[in-house]
Amino acid sequence: MTHLIPIRRDGDRPLLLDLYSCAGGAGRGFDRAGFDVVGVDIRPRPNYPFAFVQADALAFLADLIATGEIERFSFVHSSPPCQAGCALTVGTNRAMGWGGAHVDLVAPTRVLLEASGLPYVIEQPNGRAEIRKDLTLCGEMFGLGVLRHRNFELGRWSVTRPAHPRHRGRVRGWRHGEFFDGPYVAAYGNGGGKPTVAELQTAMGIDWTDVREELTEAIPPAYSQWIGTAFLAQARAGVAA
């Protein structure tokens, strides 16, 4: 098992574990909120902007728990692969016979997160993923050029849901042979009027990767910055566990 790499610490900033990190959309937001971040992903992520371990996220977390190194961390964010329950997989792709079998890692991730004893987040897109939707965030809440609704299950802490503002229009792109214009771009796929990489970067608030797959898999850093800021405010006030 790969051991934890040395970590630069900024004073007394708490340490956050970013599981299934992809290229660091969530990690960047938590860094801005005040955490030092360690990312874990099974694939190499050369664009990840913080300390990074290439490893199986579940095996790595289990090893941290078994060795006691989990105590170095204050919070865990996790974005398990979502293809098994996302709206596209259970809708259009399945109806058309596209795609293959997908593994749902939400449940085993939750088991280990509970065993860690730490406050945590499980993030998933809209769809049939079996998580509690304790929090839902949308790009319009942060003035972004994407809607990108994401649901979050909160473990060992809670927060008041922010108001969900009215959307200003449609997502730009082709739908069933008809083109629709609108103030938001579609942060998924390629073709069908999808945005350029530069448009995706601007809409998502991500400037450290220009890999389309990484951009379409990411959550906007504004989401995790909001979550991290809310958690740290509670922790400093002695409210969060």
Side-chain angles (χ1 to χ4, degrees), residues 1-82 103-124 129-132 134-135 152-159 218-219 221 223-241:
M1 182 67 189
T2 302
H3 290 289
L4 197 62
I5 60 178
I7 302 165
R8 176 189 59 79
R9 302 300 297 272
D10 290 336
D12 60 354
R13 285 162 60 96
L15 192 59
L16 179 138
L17 185 61
D18 181 15
L19 297 176
Y20 313 98
S21 65
C22 192
R28 176 68 79 185
F30 283 116
D31 169 72
R32 291 173 180 167
F35 288 93
D36 281 345
V37 179
V38 177
V40 181
D41 200 286
I42 199 166
R43 295 176 57 187
R45 298 292 184 180
N47 292 321
Y48 192 78
F50 309 108
F52 177 77
V53 179
Q54 184 180 349
D56 178 277
L58 290 176
F60 190 79
L61 178 56
D63 187 66
L64 288 177
I65 295 169
T67 61
E69 285 197 75
I70 193 65
E71 295 178 9
R72 300 173 64 187
F73 294 87
S74 298
F75 192 88
V76 185
H77 174 270
S78 64
S79 294
C82 59
V103 177
D104 184 353
L105 297 181
V106 172
T109 298
R110 182 187 295 110
V111 168
L112 284 177
L113 290 173
E114 283 293 323
S116 76
L118 295 178
Y120 64 82
V121 165
I122 302 174
E123 175 268 330
Q124 292 284 278
E130 294 186 2
I131 67 167
R132 294 191 316 273
D134 298 322
L135 175 67
F152 301 85
E153 179 175 319
L154 312 181
R156 293 196 174 83
W157 74 293
S158 63
V159 68
I219 68 169
Y223 293 14
S224 49
Q225 182 175 355
W226 188 92
I227 292 170
T229 299
F231 174 79
L232 289 177
Q234 291 185 21
R236 290 169 183 141
V239 176

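Note that the coordinates shown come from a computational prediction; the quantities given were computed from them, not determined experimentally.
- Residues Gly39 and Tyr48 come closest through the heavy atom pair CA-OH, 3.3 Å.
- In plain terms, the two heavy atoms of Pro221 and Arg32 that are nearest each other are CB-NH1, 3.6 Å.
- Here the straight-line distance linking atom CG of Asp18 with atom CG of Asp41 works out to 9.0 Å at 0.5 Å rounding.
- Contact record, Glu123 with Pro80: O-CD, 3.9 Å, taken as the closest heavy-atom pair.
- Of the inter-residue distances, the one linking Leu112 atom CG with Leu61 atom CG reads 5.0 Å to the nearest 0.5 angstrom.
- Nearest heavy atom pair, residue Ala26 against residue Ser224, reads O-OG, 2.8 Å.
- With hydrogens and angles disregarded, no donor-acceptor distance shorter than 3.5 Å links the side chain of Arg45 to the backbone of Val53.
- Between Asp31 and Arg13 the shortest side-chain heavy-atom distance falls below 4.5 Å.
- The 12-atom threshold is not exceeded at CD of Glu130, counting heavy atoms of other residues, nucleotides or ligands nearer than 6.0 Å.
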Exercise for the section: Begin with the C-alpha distance, continue with both residues' side-chain angles, and end with the deciding distance and a verdict on side chain to side chain contact (heavy atoms under 4.5 Å, CB included) for Leu64 and Leu17. Expected result: CA-CA 11 Å; Leu64 288 177; Leu17 185 61; 3.7 Å; yes
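- No donor-acceptor distance shorter than 3.5 angstrom exists from the side chain of Thr229 to the backbone of Trp226, with no hydrogens or angles considered.
- Residues forming a side-chain hydrogen bond (donor to acceptor under 3.5 Å, both in side chains) with Glu153 (at least two apart in sequence, or on another chain): Arg110, Arg132.
- Residues Val121 and Phe231 are not in side-chain contact: their nearest non-hydrogen atoms beyond the backbone lie 4.5 Å or more apart.
- In this structure, the side chain of Gln234 engages the main chain of Ser158 through a donor-acceptor pair within 3.5 Å.
- Within the 4.5 Å cutoff, the side chain of Arg28 has no heavy atoms near those of the Gln225 side chain.
- For the pair Arg156 and Leu118, the tightest heavy-atom approach, listed with the atom from each and the gap, is NH1-O, 3.3 Å.
- Note that CZ of Phe152 and OG of Ser78 are 10.5 Å apart. Values are rounded to the nearest 0.5 Å.
- With a 4.5 Å cut-off on side-chain heavy atoms, Thr109 and Tyr120 do not count as touching.
- Residues Phe50 and Asp36 have side chains not in contact (no heavy-atom distance under 4.5 Å, counting atoms from C-beta outward).
- With rounding to the nearest 0.5 angstrom, the CG atom of Leu105 is 11.0 Å from the CD1 atom of Ile122.
- Using a 4.5 Å heavy-atom threshold, the side chains of Leu135 and Tyr223 count as separate.
- Summarising the geometry, atom CD1 belonging to Ile219 is positioned 4.0 Å from atom NE2 belonging to His77; distances are rounded to the nearest 0.5 Å.
- Residues Gly25 and Ala218 share a closest heavy-atom pair of CA-CB, 4.4 Å.
- Using cut-offs of 30° and 60° for the angle between ring planes, the Phe35 and Phe30 rings count as perpendicular.
- Applying the side-chain contact (heavy atoms from CB on, under 4.5 Å) criterion to Arg236, with sequence neighbours excluded, gives Leu232.
- By the 4.5 Å heavy-atom criterion applied to side chains, Leu19 and Leu58 are not counted as neighbours.
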